[in-house]
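Down below is the structure, laid out as structure tokens.
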Amino acid sequence: MYVYDSFDRQFVTARVAQFRDQVARRLCGELTEEQFRPLRLMNGVYLQLHSYMLRVAIPYGTLSSRQLRTLARIARTHDKGYGHFTTRQNIQFNWPSLEKIPDILAELAEVEMHAIQTSGNCIRSITADHFAGAAADEVVDPRPYAEILRQWSSVHPEFSYLPRKFKIAVTGAHDDRAAIRVHDIGLELVKRGDGAVGFVVFVGGGLGRSPFLAWKLRDFLPEQDLLAYVEAILRVYNLYGRRDNKYKARIKILMHEAGCATVRDEVEAEFERIRDGALELPAADVARIARHFALPPLTDRPAVSDREEAAKAADPIFARFVATNVTPHKLPGHASLTISLKPIGGVPGDATADEMDLVADLADRFGHGEIRVSHRQNLILPHVARDDLPAIHAALLAAGLATANAGLVGDTITCPGLDFCALANARSIPVAQDISQRFADPARAAAIGPLDIKISGCINACGHHHVGAIGILGVDRKGEEFYQITLGGSADDDARLGDSAGPGFWPNQVADAVETVVDTYLARRASPAETFLATYRRIGLAPFKEALADVVR
Amino acid sequence: MQIVTANRLTDGRVVFRTAEGRWSEHLAVAAVLDPTAAAEAVVAAAGDVAARRIVEPYAVEVIVGAAGPVPKTMRERIRAGGPTSGTEAAAARLARAA
């Protein structure tokens with residue numbers, strides 16, 4: 001993991017002191033709310049429906065056990081005993097008091113964490129593949145580049161007041177688990193035939209009111225040009241991005257209105273002007289950062305674990321867990337293990353302080369102290385021995401954390417919705433809970449196979465509904481909650497936006513509608529091996545739309 | 001009819017303006033006003049903003065029933081009653097049961 005140097009430490013500590021002073025000035029009346037609002041937002045502090053909310057950055061979703069224990073302690077002592085992991089690999093505390101937030105930030109700083117740039121019109125916390133550094137299919141570990149981008153973008157003076165927020169995601173595997181095509185900049189690390197490392201550069205993806213999949217700006221950007229090229233993109237956006245209308249201010253609208261070719265010409269011209277300058281990445285610096293992300297000392301093990309195989313043969317519950325929640329690792333005899341934060345009927349992404357402590361303990365005992373947060377709102381132990389899977393599963397089972405549903409129908413991505421969020425029009429969590437209960441039978445969920453359901457409580461699309469195989473969008477219809485459904489979306493390397501499946505549903509109809517879609521898929525799939533998305537792309541929207549009409553009737 | 005609501009400055013909690021011009025966490029004691037009086041109460045609440053008690057006061061449409069005022073919109077009902085379905089709501093249910 002990256003370890004702060006003295007500059008990082010000084011910078012974050014100074015920022016805590018600065019915000020402590022700003023809070024004190026607000027509370028004593030020296031600052032009005034209008035003056036204070038932009039300052040608190042720069043430090044991740046929102047005023048939501050019921051309370052202040054603090055959003056803490058978890059850069060590229062990487063946490064140490066020590067950091068997770070600190071989050072647990074903060075949840076326990078300054079909040080209501082839990083935190084909410086978000087679709088941006090962050091954690092949100094829903095109930096901190098303003099007076100205590102400087103203390104929370106000081107505790108975070110002690111474990112090299114902060115809330116800087118988790119809000120505002122700046123470059124937000126960089127996200128990445130949650131299996132980075134571990135995945136069997138990885139070409140290059142994206143975390144060193146995400147860290148370099150984090151350092152470059154932190155309080156970047158030129159890009160602190162962009163037209164709108166700006167999100168960058170990085171993946172080091174072709175199988176895109178970081179949804180890079182729906183980010184302002186998406187970077188895919190690739191290795192050329194000659195061994196040179198570089199990036200496929202995507203620009204202008206985004207969801208929200210006007211969803212767009214990103215345009216490919218470059219097939220291959222050499223590693224050393226990463227910062228110069230990204231700075232060129234940001235400079236062009238900062239110059240030409242609209243500031244007259246916040247709904248048209250994201251770079252996706254610039255790409256849409258000016259055209260990819262025009263933007264590319266501008267970016268390439270700026271890049272030519274600044275390349276080979278101060279922003280060139282020396283190989284030695286990349287190597288220095290990359291050393292922080294070296295694999296932990298994993299011992300050589302046989303590819304097949306006798307202990308795991310025996311446990312699978314003896315225990316069908318464990319076997320199901322391995323089938324869904326365990327992912328191949330780059331080293332034989334190891335795996336990455338997903339801890340689902342989607343228990344049946346639970347709140348997607350929530351973890352209690354006790355649960356966080358337990359995961360931290362398991363990470364220390366079995367996983368070299370490393371934890372990841374996925375944009376799918378789950379936790380991951382990236383490096384565990386397959387021999388240890390039965391013991392980890394037993395511990396998770398005892399704590400109610402062994403839900404075997406990663407990637408299945410119950411593993412919904414769900415925004416906080418109208419239960420918490422000041423922007424929302426409808427609730428998301430109860431919809432997720434209804435669906436989770438409806439498909440609670442694990443055998444049924446396994447028979448359905450991979451199915452991404454993504455739920456947003458408003459058009460801002462924090463729940464990524466546009467790229468859900470089944471997307472659910474809550475809207476306000478004359479003061480009542482109402483839900484629109486889209487089908488066929490995906491955020492992977494074959495990213496698509498979903499198609500509207502009709503007029504919509506009242507809250508008590510949504511689970512019925514989802515079940516109707518699932519039943520239609522099961523009746524029409526060519527074989528159990530054909531996934532929902534494959535069936536949908538083969539037979540199209542019409543059969544689903546027709547079936548859904550009966551739910552409305 | 002309307003009530004006036006805001007968030008408390010120090011901890012952000014939802015509060016309602018009472019007939020005495022104080023701020024309470026309890027919806028039941030909110031002063032129920034006609035729109036003109038509610039608009040005046042919002043103006044008066046600016047004094048409490050200046051005094052650093054609350055932020056962002058505004059009026060909310062309510063229906064008055066036997067148990068007191070109930071906001072017309074789902075958003076304001078959730079603001080008044082807390083999250084309907086979350087880890088927080090589950091904890092509150094457990095606490096009530098205990």
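Computed from a predicted structure; not experimentally measured.
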As an exercise: rank [options] by heavy-atom pairs under 4.5 Å with chain B and give me the winner.
options: A:Pro430, A:Ala426, A:Gly346; value: A:Pro430
options: A:Val347, A:Leu418, A:Leu98; value: A:Leu418
options: A:Ser97, A:Pro96, A:Gly81; value: A:Ser97

Establish, from distance only, whether the side-chain atoms of [X] and [Y] form a donor-acceptor pair under 3.5 Å.
X: B:Arg79; Y: B:Thr5; result: yes
X: B:Thr84; Y: A:Arg427; result: yes
X: B:Ser85; Y: A:Asp419; result: yes

Given that the side chain runs from C-beta out, which part of [X] has a heavy atom under 4.5 Å from chain B: side chain, backbone, both or neither?
X: A:Pro416; result: neither
X: A:Leu27; result: both
X: A:Glu481; result: side chain
X: A:Ala422; result: both
X: A:Glu99; result: both

Salt bridge B:Arg52-A:Glu30, side-chain N to carboxylate O under 4.0 Å =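 No, no charged N to carboxylate O under 4.0 Å.
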
Within a strict 4.5 Å, meaning less than it, do heavy atoms of the A:His50 and B:Pro83 side chains meet?
->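 They are in side-chain contact.
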
Side chain, backbone, both or neither: which part of B:Glu76 has a non-hydrogen atom closer than 4.5 Å to chain A?
->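 Interface part for B:Glu76: neither.
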
Check whether B:Val14 gets within reach of chain A through its side chain, its backbone, both or neither, counting any heavy atom under 4.5 Å.
->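 For B:Val14, the contact with chain A is made by backbone and side chain together.
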
Measure centre to centre between the rings of A:Trp506 and A:Phe482, then say whether the value is under 6.0 Å.
->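 Yes, the ring centres sit under 6.0 Å apart.
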
Exercise: identify the closest heavy-atom pair between B:Lys72 and B:Val62 =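 B:Lys72 and B:Val62 have their closest heavy atoms at CE-O, 4.1 Å.
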
